[in-house]
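Per chain, numbering begins at 1; letters A, B, ... match sequence-line order.
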Amino acid sequence: MNIFADFAERISAVVAALGLEPEAGALDLSRVTVEPPRDAAHGDLATNAAMVLSKQLKMKPRDLAEKIAEGLRSDSDVAAVDVAGPGFINIRVNPVVWSRVLGAVVSARQNFGRSARGQNTKVNVEYVSANPTGPMHVGHTRGAVVGDALANLLSFAGYDVTREYLINDAGSQIDVLAQSAYLRYLEALGEDIGEIPEGLYPGEYLIPVGQSLKEEFGASFKDKPEAERHAFLKDFTVSKMMEMIKADLDLLNVHHDVFYSEKSMHGEGKAIDLTLDSLRARDLVYQGTLPPPKGELPDDWEDREQTLFRSSNYGDDIDRPLVKSDGSYTYFAADVAYFKDKLDRGFKEMIFILGADHAGYVKRLEAVGRAVSGGSAEVICRLCQLVKLFRAGEPVKMSKRSGNFVTLRDVVEEVGRDPVRFMMLYRKNDAHLDFDFQKVTEQSKDNPVFYVQYGHARCKSVLRQAAEELGGLSVFPEGLRAADYALLEDEGEQNIIAKLAQWPRIVDGAAEAHEPHRVAFYLYELASALHGHWSKGKEKPQLRFINDKKPELTLARLALVYAVSQVIASGLKVLGVDAPEEMR
RNA sequence: GCACCCGUAGCUCAGUUGGAUAGAGCGCUGCCCUCCGAAGGCAGAGGCCAUAGGUUCGAAUCCUAUCGGGUGCGCCA
């Protein structure tokens, strides 16, 4: 139940009933909005309908507003309608509307706010896709959390979501990885390998890989022919790395549906070959030369003819190469084929959660989307900016050399999963993020994670207390449906209900904009409304939720508290954060 | 040089897709516990929304230019 969408329909009906002739055929209602007014004194709902439609209907905004207002006044749910400013229509609804909202939450529980706007559209969210050459580090964390929460959000908003991870198991970095693992194998056999040579992966996480090679093959693996050995090592090491990465992701409660191997697309007659052939037939792939890159010229740059994709026809700055000088495919070629594969699997939206260092990649991905799908599917890229780590205000130093970086595991084990997830979502994805190890574990209102979770725990605490004091309340939550919500007349209570009523609207808006951070901010506001009202009970005991002299009022208030707990829990679930029964 | 992202309170950031008098938290100045969790709440001070034009009933939001910060710029993934 979304009262904003509901009233938007009623307003459309009123406008239609006016019988006015639109200037150009059908009336365009797309710009009409119904929102909570910025200032609550203006009413419960506000619409810009008159201002947006005045031109089409050839009327002055204020005159049209008066007409629409007149029509709305006959609605039995409407208490008052005012026309204000340049033509705003402010609506105050009857208490029965708020009762309905509360009843809807109590009945739907954590399904309140679930939406059908996605209409089961097939959406693919690709996120993380970290190279399988080592453990996840903090840099990957934000993308993992944002992608996962976005997937949850879209699913809650009625989309058919697939969570996907592309394993980059085909590039030259995998050769290096295999060589590095081989050294660790020799080391496990007791050989002195000395320092890991420059250019190989020095991280200690490869030591167990060497160990398990030894356990499996003893010393015999050393004697296999080089080519056979190397091919096996690549697969073996990648699968070990993926095990490690999956374990890291599990710490964050991030789980993908599909792990797609880049390697599976390479090779004669495989996906990349086939895709490029089909694009060649459409003249999207051709042989040609590119102008030299701007800025600092690479040492080994030479002008040569190469295989190019016509991405510049689709909004990219230049055409992009598909084949390297050694004849193998570029990463971009794999991406083209990968997109085609997603298209063939029926996805209508391909969402990519990328690190900020991939900003330059967005245009060409979008170009691929337009060129390959012909507009039947959309590419949506979200960039995640860098996370800066702090400890009590001091920047945390880390060096990427020698494998000495802060890992995802370090962070989660130190501060816990919930603070990591929440804080990564408490910012727009394209804004820089400061993450302070100390602050996020504080149990105070300075810490938004705690503040929201505390709101939930407080609700649960009240409900526990009520069950104890009032004994016969074993019937709730079922019994709460029978409560008389009209008894909730206090401003603070109504303020909370109004916030609850916004939840479905927040879900739709956040899903449409692909911005899960809006959910985090909404939860903060809802928690704030609760905490604020709670404290009024300090000064005015008659406002406390439990009042043993007034069982009916208490029941209604418990319904309110229960509703808040359900919406907070449901919002936190979208974010992938726990809703604790009590804080400890 | 080009492309993309970002410039909002002293600091860190929201801003309902173009709406009314621009909002939070931190920090600062003061208040509020005989009490369902003070692990909280209330109030005050603090703004040329980087700058200059434009679009319209109306701009922090859209367009153009400028300034400032970040990122990237065949054959790395």
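- Here A/F521 lies in heavy-atom contact (under 4.0 Å) with sugar-phosphate atoms only.
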*Reading nucleotides 3-9 of chain B from the 5' end, what letters show protein touch, with B for base, S for backbone sugar-phosphate only, - for no heavy atom under 4.0 Å?*
SSSS---
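- Evaluation of A/H42 against the base of B/A20 yields a stacking contact (centre distance < 5.5 Å, interplanar angle < 30°).
- Of the listed nucleotides (B/U17, B/U71, B/C76), B/U17 has the atom at the smallest distance from the side chain of A/A513.
- Counting all heavy atoms, side chain and backbone alike, A/M423 lies closest to A/L433 at O-CD1, 3.8 Å.
- Side-chain atoms of A/S261 never come within 3.5 Å of backbone atoms of A/I167 as a donor-acceptor pair (strictly under, hydrogens ignored).
- Using a 4.0 Å heavy-atom cutoff across all strands shown, A/Q465 reaches sugar-phosphate atoms only and no base atom.
- Using a 4.0 Å heavy-atom distance criterion, A/K536 is classed as making no nucleic acid contact.
- With a cut-off of 3.5 Å on both pairing distances, the Watson-Crick or G-U wobble partner of B/C2 is B/G72.
- Residue-level contact check: A/G85 touches neither bases nor backbone, having no heavy atom under 4.0 Å from any strand.
- For A/Q306, whose side chain is taken as the heavy atoms from C-beta onward, the closest listed nucleotide among B/G19, B/G74, B/C36 is B/G74.
- Remark: A/R557 fails to qualify as a cation-pi partner of A/F545 under the 6.0 Å distance and 45° angle criteria applied to the six-membered ring.
- One finds a side-chain N or O of A/H517 lying less than 4.0 angstrom from the OP1 or OP2 phosphate oxygen of B/G15.
- When both distances must be under 3.5 Å, the Watson-Crick or G-U wobble mate of B/A9 does not exist.
- Salt bridge status for A/D317 with A/K363: present, with a side-chain N to carboxylate O gap under 4.0 Å.
- In this structure, A/D316 atom CG and B/C2 atom C1' are separated by 12 Å, rounded to whole Å.
- At distances below 3.5 Å, not a single donor-acceptor pair connects side-chain atoms of A/R505 with backbone N or O atoms of A/N2.
- For A/Y524, counting side-chain heavy atoms from C-beta on, the closest listed nucleotide (B/C36, B/U12, B/A24) is B/A24.
- The gap from the C1' atom of B/U61 to that of B/G54 amounts to 15 Å, rounded to the nearest Å.
- Using a 4.5 Å cut-off on side-chain heavy atoms (C-beta onward), A/D446 and A/K439 make no contact.
- Separation of the C1' atoms belonging to B/C32 and B/G70 is 45 Å when rounded to the nearest angstrom.
- Picking from B/C36, B/G74, B/A22 the nucleotide with the shortest atom distance to the side chain of A/P321 gives B/G74.
- In this structure, A/H533 places its NE2 atom 12 Å from C1' of B/C36, rounding to the nearest Å.
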Nucleotide N/O of nucleotides 26-28 of chain B paired with protein N/O under 3.5 Å:
{"from": "B/C26", "atom 1": "OP1", "to": "A/D446", "atom 2": "OD1", "distance (Å)": "3.2"}

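- Across all strands shown, B/U51 forms a Watson-Crick or G-U wobble pair with B/A65, both key distances being under 3.5 Å.
- Both A/R38 and A/N168 lie close to RNA chain B; mapped to their nearest nucleotides by heavy-atom distance, the more 5′-ward contact belongs to A/R38.
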Below 3.5 Å, can you tabulate the donor-acceptor pairs from side chains in residues 39-48 of chain A to any protein atom, sequence neighbours excluded?
{"from": "A/D39", "atom 1": "OD1", "to": "A/A41", "atom 2": "N", "distance (Å)": "3.0"}
{"from": "A/D44", "atom 1": "OD2", "to": "A/V93", "atom 2": "N", "distance (Å)": "2.9"}
{"from": "A/T47", "atom 1": "OG1", "to": "A/T33", "atom 2": "O", "distance (Å)": "2.9"}
{"from": "A/T47", "atom 1": "OG1", "to": "A/A49", "atom 2": "N", "distance (Å)": "3.1"}
{"from": "A/N48", "atom 1": "OD1", "to": "A/T33", "atom 2": "N", "distance (Å)": "2.9"}
{"from": "A/N48", "atom 1": "OD1", "to": "A/T33", "atom 2": "OG1", "distance (Å)": "3.4"}
{"from": "A/N48", "atom 1": "ND2", "to": "A/R31", "atom 2": "O", "distance (Å)": "3.3"}
{"from": "A/N48", "atom 1": "ND2", "to": "A/T33", "atom 2": "OG1", "distance (Å)": "3.3"}

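- Remark: side-chain polar atoms of A/S180 are paired, donor with acceptor, to backbone N or O of A/V176 under 3.5 angstrom.
- Applying the 90° criterion around 0 to the glycosidic angle, B/C33 comes out syn.
- B/C49 and B/A59 have their C1' atoms separated by 11 Å, given to the nearest Å.
- Residue A/P36 is classed as a base contact, given a heavy-atom separation below 4.0 Å to a base.
- Residue A/L29 comes nearest to A/L53 through the heavy atom pair CD2-CD1, 3.9 Å, listed as atom of the first residue, atom of the second, then distance.
- If you take atom P in B/C28 and the same atom in B/A3, they sit 45 Å apart, rounded to whole Å.
- Between A/R427 and B/G15, a side-chain N or O to OP1/OP2 separation shorter than 4.0 Å is absent.
- In the set B/A20, B/C57, B/G41, B/C57 carries the atom at the smallest distance from any side-chain atom of A/K55.
- Within the 3.5 Å criterion, the main-chain N or O of A/D578 finds no donor-acceptor partner in the side chain of A/H456.
- Under the Watson-Crick and G-U wobble criteria, each requiring two contacts below 3.5 Å, nucleotide B/A20 is left unpaired.
- Spacing between B/C63 and B/U16 at atom P, rounded to whole Å, works out to 15 Å.
- Residue contacts for A/D436: at a heavy-atom cut-off of 4.0 Å it reaches no nucleic acid atom on any strand shown.
- In a base pair of the Watson-Crick type (N1 to N3 plus N6-O4 or O6-N4) or a G-U wobble (N1-O2 and O6-N3), with each distance short of 3.5 Å, B/A14 is matched with no nucleotide.
- For the C1' atom pair drawn from B/A14 and B/A9, the interatomic distance equals 13 Å after rounding to whole Å.
- Checking B/A20, B/C76, B/C32 against every side-chain atom of A/K324, the shortest atom distance belongs to B/C76.
- Taking atom CZ of residue A/R518 and atom C1' of nucleotide B/U16, one finds them 7 Å apart after rounding to whole Å.
- Between B/U34 and B/U29, the distance separating the two C1' atoms is 29 Å to the nearest Å.
- Electrostatic pairing of A/E126 and A/K342 counts as a salt bridge here, judged by a charged N lying under 4.0 Å from a carboxylate O.
- Contact annotation for A/F450: base contact, defined as any heavy-atom pair under 4.0 Å involving a base atom.
- Looking at the side chain of A/K538, the nearest of the listed nucleotides B/A77, B/A38, B/G40 is B/A38.
- The side chain of A/Y361 sits closest to B/A77 out of B/A77, B/A20, B/C57.
- Pairing for B/C28 goes to B/G44, judged as Watson-Crick or G-U wobble with the two contacts each under 3.5 Å.
- If you measure from atom CZ of A/R364 to atom P of B/G72, you get 13 Å, rounded to the nearest angstrom.
- Nucleotides B/U12 and B/G53 place their C1' atoms 32 Å apart, quoted to the nearest Å.
- Inter-residue side-chain proximity for A/L463 and A/Y562 is flagged as met; some heavy-atom pair is nearer than 4.5 Å.
- With a glycosidic angle no more than 90° from 0, B/U17 adopts the syn conformation.
- Protein atom CG of A/N48 is 15 Å distant from nucleotide atom P of B/A59, rounded to whole Å.
- Across all strands shown, B/C36 remains unpaired; no Watson-Crick or G-U wobble contact has both distances below 3.5 Å.
- Looking at heavy-atom distances under 4.0 Å, A/I546 makes contact with a base.
- A/S325 comes within contact range of at least one nucleobase, with a heavy-atom separation under 4.0 Å.
- Listed here is the closest heavy atom pair of A/L383 and A/N429: O-ND2, 2.8 Å.
- Across all strands shown, A/E525 has no heavy atoms under 4.0 Å from either base or sugar-phosphate atoms.
- Positionally, the nearest nucleotide of RNA chain B for A/A356 lies more toward the 5' end than for the other of A/N131 and A/A356.
- Using a 4.5 Å heavy-atom cutoff, the side chains of A/V567 and A/K499 are not in contact.
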